[in-house]
Asker: 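Mind looking over this structure? Questions follow.
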Amino acid sequence: MANIYPLKCPVQNYAWGKTGSSSAVALLSGQKIDEKSPYAELWMGTHHKGPAEVAVEGKSELLSKKIGQDLPYLFKVLSVAKALSIQAHPDKKLAEKLHKERPNVYKDPNHKPEMTCAVTQFEGMCGFRPAAEIAKHFDEYPEFKAIVGEKVSKAFSSAAAGSDAAKLKAELKSVFSTVMVAKSGDVKTQVGLMVKRLGEQKGCDDLEELILRLNKEYPLDVGVFAPLFLNHVVLQPGDAMFLSANEPHAYLKGDCIECMACSDNVVRAGLTPKLRDTPTLCSMLTYKAMKPKIMKGDVVDACSRVYPCPIDEFLLMTSKIAKGKSYDVPKIKGHALFLVYEGSGKGSSSDGSSVELKKGSVFFLKGGSDLKIEGGEEDVLLYRCSTASE
């Protein structure tokens, strides 16, 4: 088994992806680009829905077969043109239960915590807003208060002003659930009134602009209310955030790198034409109301930063090597996957195996192996996904 294997990795053409050469995924894919087609995700890993293949001397073999195991993580690039669903990923216990009960919907028994790192400005919604902000929105958005109802909104506002954390969680669950299971006709009426009012006023702030944009993407959908109770987050390139199991989120726009446990389990309930499992989503969430933590990465050396996370399955590192310079990548015990996001050069290991580096190159590095990167005529930007515990 060589230390380095170049990989061929599949693209997912979901409808929310950026189209043609506007998509980072398309530009990285190495495929002939169809300017009318969406290129949403590049998958790097051994997940059965999109497994990587080892490409050696014109022959292809599944990476999992070549190395005799599945990787515990899934590595991705996302190019988002319009909002993904309001969603959460189950913890291990719930994932096992859902897979057992509905294997046609939840197709593996694994959890799916994930790390998102922006490569362009990247927008998303993540976690519930602080309680005082949600309560304020009842006053500022009468349509939001109307869909929640006087009794539920009053109970939440009272809890938000108090100090009983358990009561606040219960009332937040009541607010969210009431909105998400509201009758379709009532939702359409109130969303319609809200966007009409906002569209007629002079000037909109960022929140109001987001509401109007979501309505254009998913007209009169219940998810148009989501910015009123979820944090709107804008990541700059290099910023990252960790998403735990059972936390609500929705990506909105931009390009990012993702690392996650090896799963494709998603529980959805808005802003999507796909299956909505609203009762499960409402029951599974933690209902923590707080601002998300934005990470800048911890410095490893002059070239690399690492983004720590509280789980063992994955760890993201990014490295930038100046043109014409060489860099010895820090060793790790576990197997790793590398993506060349920009630049050119060569990667080599002491067993004699090597790989040409160019934009879109993906390669496997055997655990414990050394790796030297030699920059070519351009700076090289690398992303590495590996296990965190090793």
Asker: Output, in order, the C-alpha distance, side-chain angles, deciding distance and verdict of side-chain hydrogen bond (donor to acceptor under 3.5 Å, both in side chains) for Asn110 and Ser263.
Answerer: CA-CA 6 Å; Asn110 204 13; Ser263 172; 5.6 Å; no
Asker: Measuring only between side-chain heavy atoms, which start at C-beta, is Tyr73 closer than 4.5 Å to Leu337?
Answerer: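 Yes, close enough: below the 4.5 Å cut-off.
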Asker: Go through Thr116 and Leu78 one step at a time and tell me if the side chain to side chain contact (heavy atoms under 4.5 Å, CB included) criterion holds.
Answerer: CA-CA 10 Å; Thr116 301; Leu78 273 65; over 6 Å; no
Asker: Using the salt bridge (Lys or Arg N to Asp or Glu O under 4.0 Å) rule, take Lys291 and Glu133 through it: C-alpha gap first, then chi angles, then the decisive distance, then the call.
Answerer: CA-CA 11 Å; Lys291 295 290 186 183; Glu133 291 184 17; 3.2 Å; yes
Asker: Are His47 and Asp108 packed together at the side-chain level, in the sense that at least one heavy-atom pair is separated by less than 4.5 angstrom?
Answerer: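 Counting from C-beta outward, His47 and Asp108 do come under 4.5 Å.
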Asker: For Thr272 versus Ser85, what's the shortest heavy-atom pair and its separation?
Answerer: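 Minimum heavy-atom contact is CB-CB, 3.5 Å.
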Asker: What closest approach, in Å, do Cys9 and Val362 show between heavy atoms, and which atom pair accounts for it?
Answerer: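 It is SG-CG1, 3.8 Å.
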Asker: OH of Tyr307 to CD1 of Ile257: how many Å apart, nearest 0.5 Å?
Answerer: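 Interatomic distance, Tyr307 OH to Ile257 CD1, rounded to 0.5 Å: 10.5 Å.
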Asker: Could you go through the salt bridge (Lys or Arg N to Asp or Glu O under 4.0 Å) check for Glu374 and Lys346 one step at a time?
Answerer: CA-CA 5 Å; Glu374 297 171 88; Lys346 180 181 179 181; 5.1 Å; no
Asker: Decide side chain to side chain contact (heavy atoms under 4.5 Å, CB included) for Phe242 and Ile311; before the verdict, give the C-alpha distance in whole Å, the side-chain angles of both, and the deciding distance to 0.1 Å.
Answerer: CA-CA 10 Å; Phe242 176 75; Ile311 58 144; 4.3 Å; yes
Asker: Is Val175 close to Phe138 at the side-chain level, that is, under 4.5 Å between some pair of heavy atoms?
Answerer: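 Yes; the side chains approach each other to less than 4.5 Å.
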Asker: Tell me whether Asp206 at atom CG has more than 12 heavy atoms from other residues, nucleotides or ligands lying less than 6.0 Å away.
Answerer: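 Open.
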Asker: One pair to check against side chain to side chain contact (heavy atoms under 4.5 Å, CB included): Leu315 and Thr387. What are the steps and the verdict?
Answerer: CA-CA 6 Å; Leu315 181 67; Thr387 50; over 6 Å; no
Asker: So, do Tyr327 and Ser304 sit near enough that their side-chain heavy atoms are less than 4.5 Å apart?
Answerer: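 Side chain of Tyr327 against side chain of Ser304, heavy atoms only: contact under 4.5 Å found.
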Asker: Start with the C-alpha gap between Glu150 and Lys145, add the side-chain angles, then the distance that decides, and say whether salt bridge (Lys or Arg N to Asp or Glu O under 4.0 Å) holds.
Answerer: CA-CA 7 Å; Glu150 182 69 29; Lys145 187 173 183 179; 3.8 Å; yes
Asker: What are the two closest heavy atoms between Thr286 and Ala245, and how far apart are they?
Answerer: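 Looking at all heavy atoms of both residues, the closest pair is CG2-O, 4.4 Å.
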Asker: Where is the tightest heavy-atom contact between Lys359 and Tyr341, given as atom of each residue plus distance?
Answerer: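 So the minimum-distance heavy-atom pair works out to NZ-O, 3.2 Å.
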Asker: Do Tyr39 and Leu28 touch side chain to side chain, with heavy atoms closer than 4.5 Å?
Answerer: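 SC-SC contact between Tyr39 and Leu28 ruled out.
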Asker: Run the salt bridge (Lys or Arg N to Asp or Glu O under 4.0 Å) check on Glu114 and Lys76 step by step: do they pass?
Answerer: CA-CA 10 Å; Glu114 56 192 27; Lys76 293 184 183 181; over 6 Å; no
Asker: Could you go through the side-chain hydrogen bond (donor to acceptor under 3.5 Å, both in side chains) check for Glu377 and Ser344 one step at a time?
Answerer: CA-CA 7 Å; Glu377 296 180 355; Ser344 62; over 6 Å; no
Asker: Does the plane of the ring in Tyr287 sit parallel, tilted or perpendicular to the ring in Phe176? Use 30° and 60° as the thresholds.
Answerer: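 Tyr287 and Phe176: perpendicular rings.
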Asker: Could you go step by step and tell me if Asp277 and Tyr106 meet the side-chain hydrogen bond (donor to acceptor under 3.5 Å, both in side chains) rule?
Answerer: CA-CA 11 Å; Asp277 190 354; Tyr106 300 103; 2.7 Å; yes
Asker: Can you confirm whether Leu271 sits close enough to Gln87 that some side-chain heavy atom of one is under 4.5 Å from a side-chain heavy atom of the other?
Answerer: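 No. Closest side-chain heavy atoms not under 4.5 Å.
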Asker: For a 4.5 angstrom cut-off between non-hydrogen side-chain atoms, does Lys82 reach Lys216?
Answerer: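 The answer is no; the side chains never approach within 4.5 Å.
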Asker: Quick check with a 6.0 Å cut-off and a 45 degree axis cone: is Lys253 positioned over the face of Phe122's six-membered ring?
Answerer: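 Not flagged: Lys253 not positioned over aromatic ring of Phe122.
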Asker: Cationic tip of Lys274 within the cone over Tyr14's six-membered ring, i.e. under 6.0 Å and within 45° of the normal?
Answerer: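 Output yes; distance and angle both within limits.
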Asker: Do His335 and Ser386 come close enough that some side-chain heavy atom pair is under 4.5 Å?
Answerer: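 With C-beta onward as the side chain, the pair stays apart.
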